[in-house]
Amino acid sequence: MEIEFANTRLKKLCEERRIATRKLGADSARTHGTRLAEIHSATSVQEVFAGRPHPLSGDRQGEFAVSLAGGGRLVFVPNDDPPRVTDTGHVNWQEVSSVKIVFAGDYHE
């Protein structure tokens, strides 16, 4: 699957292990790299199985998350323009083949 990043800071966090370790901690940084590789190798979001993948709700409606170590999450949105939606208006994650990383860390803090 194609992966883009919301900004340069997130791109560096995702691509440079040293920065990820400093910002996320060693365990989350290690898991973070694995999750990115799994997302990249999938052909759609439906094929992402590791990290308790789940769509988000509330103020994060339209976003999708996979878990990192220690409560952290890797959050992304569809990068398809426009994103494919179901009859109920929710993102059809089964058909999303390009994502944009919008957050990495613990959004519960």
Side-chain angles (χ1 to χ4, degrees):
M1 189 167 12
E2 188 177 317
I3 300 174
E4 292 191 19
F5 302 92
N7 56 50
T8 305
R9 182 185 58 79
L10 270 172
K11 183 175 173 68
K12 286 184 179 183
L13 176 73
C14 291
E15 293 180 345
E16 297 181 32
R17 180 74 171 255
R18 178 181 50 81
I19 293 173
T21 300
R22 187 177 49 215
K23 298 284 186 182
L24 303 173
D27 290 340
S28 280
R30 190 172 22 263
T31 307
H32 181 260
T34 302
R35 296 289 182 263
L36 283 169
E38 291 164 350
I39 293 167
H40 183 68
S41 67
T43 57
S44 77
V45 174
Q46 278 310 109
E47 292 182 6
V48 177
F49 295 104
R52 295 187 321 259
H54 56 283
L56 300 176
S57 59
D59 63 341
R60 290 193 171 271
Q61 181 73 35
E63 298 179 342
F64 200 91
V66 292
S67 297
L68 303 175
R73 303 285 189 277
L74 184 62
V75 180
F76 52 87
V77 297
N79 202 33
D80 302 329
D81 188 25
R84 295 188 177 125
V85 295
T86 64
D87 294 339
T88 60
H90 293 91
V91 173
N92 186 348
W93 292 105
Q94 186 171 341
E95 300 204 15
V96 173
S97 60
S98 177
V99 297
K100 182 185 298 183
I101 305 294
V102 295
F103 181 82
D106 189 346
Y107 55 72
H108 298 109
E109 293 181 335

Handout entry: Shortest non-hydrogen separation from Ala20 to Leu13 and the atoms involved
Key = CB-O, 3.4 Å

Completion exercise
NE2 of His40 to CD1 of Ile3, rounded to nearest 0.5 Å, is 6.5 Å

Problem - Spatial distance of atom CZ (Arg84) from atom CD (Glu95) [nearest 0.5 Å] - result: 5.0 Å

Completion exercise
Note: Ala29 and Leu24 closest approach over all heavy atoms is N-CB, 4.2 Å

Exercise for the section: Would you name the heavy atoms of Ala104 and His32 that are closest together and state the gap between them? Expected result: CB-NE2, 4.0 Å

Problem - Hydrophobic cluster identity match, Met1 and Val91, side-chain contacts under 4.5 Å - result: yes

Exercise for the section: Output, in order, the C-alpha distance, side-chain angles, deciding distance and verdict of side chain to side chain contact (heavy atoms under 4.5 Å, CB included) for Val77 and Val102. Expected result: CA-CA 7 Å; Val77 297; Val102 295; 3.9 Å; yes

Handout entry: Side chain proximity check, Ile39 to Leu74, heavy atoms < 4.5 angstrom
Key = yes

Practice task
Taking the side chain as every heavy atom from C-beta outward, state whether Val45 and Phe64 have any atom pair closer than 4.5 Å.
Solution key: yes

Problem - Stepwise side chain to side chain contact (heavy atoms under 4.5 Å, CB included) test for Ser97 and Thr43 - result: CA-CA 6 Å; Ser97 60; Thr43 57; over 6 Å; no

Completion exercise
Rounded to the nearest 0.5 Å, the CZ atom of Phe103 sits from the CD atom of Glu63 at a distance of 9.5 Å

Problem - Atom of Trp93, atom of Pro78 and distance for their closest heavy-atom approach - result: CH2-CD, 3.5 Å

Exercise for the section: Please report the closest heavy-atom contact between Ala50 and Glu38, naming both atoms and the distance. Expected result: CB-OE1, 3.1 Å

Handout entry: Lys/Arg-Asp/Glu bridge criterion (N-O < 4.0 Å) met for Lys11, Glu15
Key = yes

Practice task
Find the distance between CD1 (Ile101) and CG (Asn79) and round it off to the nearest 0.5 Å.
Solution key: 10.0 Å

Practice task
Hey, could you give me the CG/NZ distance between Asn7 and Lys100, rounded to the nearest 0.5 Å?
Solution key: 9.5 Å

Practice task
Can you measure from CZ (Arg73) to NE2 (His54) and round to the nearest 0.5 angstrom?
Solution key: 5.5 Å

Problem - Side chains of Gln61 and Ser57, donor plus acceptor under 3.5 Å - result: no

Problem - Whether Arg52 side chain and Val66 backbone form a donor-acceptor pair below 3.5 Å - result: no

Problem - Expected output: side-chain Ser28 to main-chain Gly25 donor-acceptor under 3.5 Å - result: no

Problem - Within-4.5 Å side-chain heavy-atom neighbours: Ser44 and Val96 - result: no

Problem - Closest heavy-atom pair and its distance - Val75, Ala65 - result: CG2-CB, 4.1 Å

